[in-house]
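Below is one structure, written out as structure tokens; comments come after it.
Each chain gets a letter, A, B and so on, in the order its sequence line appears, and its residues count up from 1. Atom set for the values below is all heavy atoms of this structure, side chains included, hydrogens, waters and symmetry mates excluded.
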2 protein chains.
Amino acid sequence: MSNSKLYKGSLTTIILKLLNEHDKMYGYEITQHVKALTKGELKITEGALYPALHKLEAEGLLDVEVAKVDNRLRKYYKLTETGTKETVNKLEELAEYIKTMQALVNPKLA
Amino acid sequence: MSNSKLYKGSLTTIILKLLNEHDKMYGYEITQHVKALTKGELKITEGALYPALHKLEAEGLLDVEVAKVDNRLRKYYKLTETGTKETVNKLEELAEYIKTMQALVNPKLA
DNA sequence: TCTTATACATAAGAAAATTATGTATATATT
DNA sequence: AATATATACATAATTTTCTTATGTATAAGA
């Protein structure tokens with residue numbers, strides 16, 4: 001994912017946020033999108049992505065819809081109602097995390 | 001540590017940064033300091049802290065010095081030269097992480 | 001023909017945490 | 001005096017989340 005360990009725990013937030021913007025996306029599309037948005041900084045590996053998607057689906061945050069494009073399989077994921085609510089929570093948690101870390105790392109500005 | 005999973009992977013950064021500011025600290029002091037700085041938002045658990053300190057020591061980033069205060073044991077940790085250099089790296093990684101996540105979460109500002 | 005890209009998946013192992021438990025002393029409360 | 005809380009360390013079992021490696025299959029490009 002990156003040389004930095006800080007990304008541990010943020011994959012779910014990333015997935016939910018992308019799906020919140022794009023209505024529906026398939027796994028490979030997510031990896032390419034993240035790579036482009038971060039200019040190659042962040043590469044989502046398949047070993048991390050697919051289990052994460054399956055888990056979110058099992059938790060009822062995502063719905064899946066299978067499609068065949070160019071004779072190749074695609075699994076389109078989209079947010080459920082619960083997933084949309086959880087996206088809001090995750091984004092709040094991210095904002096809170098950044099705020100907290102900045103308080104620790106830059107206490108003079110607190 | 002917190003209800004948010006985002007803190008996973010940031011404990012080392014937090015420890016190094018605090019030691020970079022305070023010259024020497026002992027474990028319990030670190031937990032109290034973090035709790036105070038974050039107004040209770042972030043509680044470092046002992047099960048996470050002590051193994052992390054031992055690992056940093058084993059890696060040569062921290063030196064330890066045992067003291068007895070009020071008949072109780074304290075282990076003071078301080079940065080080695082290598083540890084000081086690594087602190088700079090970790091803080092750069094944190095800044096980079098925040099930048100990357102904001103690009104993902106708030107692409108309009110990118 | 002061979003490599004790269006697209007598209008999914010899982011399994012073994014590592015890393016970093018949580019949760020639970022243990023030891024011991026000092027101080028505050030009932 | 002007894003009990004609870006605070007101080008101060010530690011580790012073990014388990015869980016979560018990731019990396020790395022591997023597998024299947026089609027399409028496109030060199």
- List the atom of Leu42(B), the atom of Thr38(B), and the distance in Å for their closest heavy-atom pair. N-OG1, 3.1 Å
- How far does CG of Leu53(B) sit from CE of Met25(B), to the nearest 0.5 angstrom? 10.5 Å
- Message: Using a 4.0 Å heavy-atom cut-off to protein, can you give one letter per nucleotide of nucleotides 15-30 of chain D, 5' to 3': B if the base is in contact, S if only the sugar-phosphate is, - if neither?
- Response: --BSBB-----BS---
- Message: If I take atom CD from residue Glu81(A) and atom CG from residue Leu61(A), how far apart are they, to the nearest 0.5 angstrom?
- Response: 12.5 Å
- Message: I need the CG-P distance between Leu6(B) and dT18(C), as an integer number of Å.
- Response: 13 Å
- Length of the CD-P vector between Glu65(B) and dC9(D), whole Å: 13 Å
- Note on the structure: note: Leu53(B), atom CG; dC9(D), atom P; distance rounded to Å ~ 9 Å
- Query: Which whole-number value in Å describes the distance from Arg74(B) CZ to dT25(C) P?
  - Reply: 16 Å
- Rounded to the nearest Å, what distance is computed from the CD atom of residue Glu29(B) to the P atom of nucleotide dT7(D)? 12 Å
- Working to the nearest 0.5 Å, report the span between OG of Ser10(A) and NZ of Lys8(B). 12.0 Å
- Query: What is the distance from NE2 of His33(B) to C1' of dT7(D), rounded to the nearest Å?
  - Reply: 17 Å
- Which atom pair, heavy atoms only, marks the closest approach of Thr45(A) to Met1(A)? CG2-N, 4.2 Å
- Task: Can you measure from CG (Leu18(A)) to CG (Leu37(A)) and round to the nearest 0.5 angstrom?
- Result: 6.5 Å
- Do the side-chain N or O atoms of His54(A) get closer than 4.0 angstrom to the phosphate oxygens (OP1, OP2) of dC8(C)? no
- Task: Could you list by number each residue of residues 17-27 of chain B showing a heavy-atom separation from DNA chain C of less than 4.0 Å, or answer none if no residue does?
- Result: none
- Query: For the pair made of CD1 in Ile30(A) and C1' in dC8(C), what is the distance, rounded to whole Å?
  - Reply: 13 Å
- Task: Measure from the ring center of Tyr7(B) to the ring center of Tyr97(A) and say whether it is less than 6.0 Å.
- Result: yes
- Message: Side chains of Leu19(B) and Lys24(B), heavy atoms from C-beta outward: is any pair under 4.5 Å?
- Response: no
- Message: How many whole angstroms separate atom NZ of Lys68(A) from atom P of dA7(C)?
- Response: 13 Å
- Message: Looking at Tyr50(B), I'd like to know whether one of its side-chain N or O atoms comes within less than 4.0 Å of OP1 or OP2 on dC9(D).
- Response: yes
- Task: With sequence neighbours excluded, tell me which residues meet side-chain contact (heavy atoms from CB on, under 4.5 Å) with Val66(A).
- Result: Leu73(A), Lys75(A)
